[in-house]
There are 2 protein chains.
Amino acid sequence: MSPPLPRDPIADAQRNWESHGWGDVAAPMAAITAIMRTQQILMARIEGALKPFGLTFARYELLALLSFARSGALPMNKASALLQVHPTSVTNAVDRLQTAGLVVRSPHPTDGRTTLIELTAEGRTLAKRATAVLNGEVFGQSGFGEEDVNQLIRILGDFRRGAGDFTD
Amino acid sequence: MSPPLPRDPIADAQRNWESHGWGDVAAPMAAITAIMRTQQILMARIEGALKPFGLTFARYELLALLSFARSGALPMNKASALLQVHPTSVTNAVDRLQTAGLVVRSPHPTDGRTTLIELTAEGRTLAKRATAVLNGEVFGQSGFGEEDVNQLIRILGDFRRGAGDFTD
DNA sequence: TCCAAACCCTTGGATGTCCTAGTATATTGC
DNA sequence: GCAATATACTAGGACATCCAAGGGTTTGGA
């Protein structure tokens, strides 16, 4: 880790915006920049926790998604939609998970275009162990206050709905 | 854009966590996942707004940082620290900005190890125009309520301080 | 019936990020 | 003064993401 800065660089940026006559958008600029930086910090923690398992966050997310599917299998396009990533990213992740023996591809029984991804027994076990570590090392020690967590869920939920993620 | 999902996938994940006996960390898990997704949405908007200028967010951030430096020049290591990215990422960004004629490298007057990055006139102009577009198209239409913006700045500021970003 | 349009996945190319290692320059300690 | 350590940047490799393009499959209208 690099040593802490003496001053908050985002607060500095907000002041810069204000002194340049962009005061009307300085606050949302600061909020958005803070989200970017927070994501970066959290991603580093998550990847660090998953490293011992040979997993990246992208691959873990796919494993976790499959482990919650009743049948343990999902079509690629469904996984792409639920994880909200590009289909090629799923292809990439499945390639590596398959090489590691954690998932297998199998043809869809009725639609020849579709490929199903299925957890192996190993994959299911690893997903369980990785989730336990993430829960303990990252989610359980997030550093967010309990009330702040609820605020975040509401604020970001409103935002995601407004951005067209879901209609719920 | 892919069509909206009928249900919030993050709320689903939270319910899954609760039903698997991880209720104690379900809320922070949901908050962290929401931050990840929100960052993804915002990044796509930002990159879209910058595309006409041939800039990525990483390169824009560097230009903006230089444009706020009194002298219009910064050492690479200083830029790396302020942007909170790896030094090699700065090298990469400078390579491309230099090719585009927006910055130049120059030797540090007293420290032979250090390379200064300096804005060109073109770089300064482009930074100004790109900032105007970002302010208008992204920060000015973030979709966050005014009070939520203040909440985010406080909550994420507390988090970043706790994570060791700054001591302020 | 049959062909065009839509859909699904993969490949190849570009970009960005990080890590490890290497080169060059400064600083420190003996 | 010289060697050991620290610092600054760059090169090469691993991953992840997206876009554009291509080949196989299904669907639906003429």
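Letters A, B, ... are given to chains in the order of the sequence lines, protein chains preceding strands, and every chain is numbered from 1. A quick note: this is a predicted structure, and the numbers were derived from the prediction, not measured.
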**Q** Output the distance between atom CG (B/Asp24) and atom CZ (A/Phe139), rounded to the nearest 0.5 Å.
**A**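 The distance works out to 12.0 Å.
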**Q** Taking B/Ser80 for its side chain and B/Met76 for its backbone only, find out whether a donor-acceptor pair lies under 3.5 Å.
**A**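 Not a single qualifying donor-acceptor pair exists.
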**Q** How long is the line joining NZ of A/Lys78 and P of C/dC7, in whole Å?
**A**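 Result: 15 Å.
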**Q** Using a 3.5 Å limit on both pairing distances, list the dot-bracket string of DNA chain C from the 5' end; Watson-Crick and G-U wobble pairs count, crossing pairs take [ ], interstrand pairs take |.
**A** ||||||||||||||||||||||||||||||
**Q** Should we say atom CZ of B/Arg7 is surrounded by more than 12 heavy atoms from elsewhere, each under 6.0 Å from it?
**A**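 12 or below, so no.
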**Q** In whole angstroms, how far is the C1' atom of D/dC18 from the CD atom of A/Gln84?
**A**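 To the nearest whole Å, that distance equals 16 Å.
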**Q** Quick one, B/Arg15 with B/Asp8, criterion salt bridge (Lys or Arg N to Asp or Glu O under 4.0 Å). Give me CA distance, side-chain angles, the key distance, then yes/no.
**A** CA-CA 11 Å; B/Arg15 277 186 285 274; B/Asp8 179 0; over 6 Å; no
**Q** Residues of residues 102-116 of chain A with any non-hydrogen atom less than 4.0 angstrom from an atom of DNA chain C: list those, numerically ordered, please.
**A**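 The stretch gives A/Arg105, A/Arg113, A/Thr114, A/Thr115 as the residues lying under 4.0 Å from the strand, ordered by number.
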**Q** Anything under 30° is parallel, anything over 60° is perpendicular, the rest tilted; go ahead and classify B/Phe159 against A/Phe144.
**A**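 Rings of B/Phe159 and A/Phe144: parallel, as their planes differ by under 30°.
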**Q** I want to check something: taking the side chain as every heavy atom from C-beta on, are A/Gln40 and B/Val85 in contact at a cut-off of under 4.5 Å?
**A**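 They are in contact (side-chain heavy atoms under 4.5 Å apart), so the answer is yes.
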**Q** May I ask you to say whether B/Asp95 pairs ionically with B/Arg105, meaning some side-chain N is under 4.0 Å from a carboxylate O?
**A**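 Yes, B/Asp95 and B/Arg105 are salt-bridged.
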**Q** Are the side chains of B/Leu152 and A/Leu152 in contact, using a 4.5 Å heavy-atom criterion?
**A**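 Counting from C-beta outward, A/Leu152 and B/Leu152 do come under 4.5 Å.
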**Q** In whole angstroms, how far is the P atom of C/dC18 from the CD1 atom of A/Ile46?
**A**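 My rounded result for the distance is 15 Å.
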**Q** Going by the side-chain contact (heavy atoms from CB on, under 4.5 Å) test, name the single residue among A/Leu66, A/Leu97, A/Leu63 that passes it with A/Ile117.
**A**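 With A/Ile117 as partner, side-chain contact (heavy atoms from CB on, under 4.5 Å) holds for just one option, A/Leu66.
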**Q** Rounded to whole angstrom units, what separation is found between the CD1 atom of A/Ile41 and the P atom of C/dC18?
**A**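 These atoms are roughly 13 Å apart.
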**Q** Rounded to the nearest angstrom, tell me the gap between atom CG in A/Leu83 and atom P in D/dC18.
**A**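 One finds 11 Å between P of D/dC18 and CG of A/Leu83, rounded.
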**Q** B/Met76 CE to C/dT23 P: how many Å, rounded?
**A**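 One finds 19 Å between P of C/dT23 and CE of B/Met76, rounded.
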**Q** For the side chain of B/His86 and the backbone of B/Thr88, is there at least one donor-acceptor N/O pair under 3.5 Å apart?
**A**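 A pair under 3.5 Å: yes.
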**Q** Can you measure A/Arg37 atom CZ to C/dT17 atom P for me and round it to whole angstrom units?
**A**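 Distance, rounded to whole Å: 13 Å.
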**Q** Which whole-number value in Å describes the distance from B/Gln98 CD to D/dT10 C1'?
**A**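 It works out to 13 Å between those atoms.
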**Q** Encode nucleotides 12-17 of chain D as B, S and - characters from 5' to 3', where the letter depends on protein heavy atoms closer than 4.0 Å: B to the base, S only to sugar-phosphate, - to neither.
**A** ---SSB
**Q** Under the side chain to side chain contact (heavy atoms under 4.5 Å, CB included) criterion, do A/Tyr60 and A/Leu134 qualify, and how do the steps go?
**A** CA-CA 10 Å; A/Tyr60 167 77; A/Leu134 273 189; 3.5 Å; yes
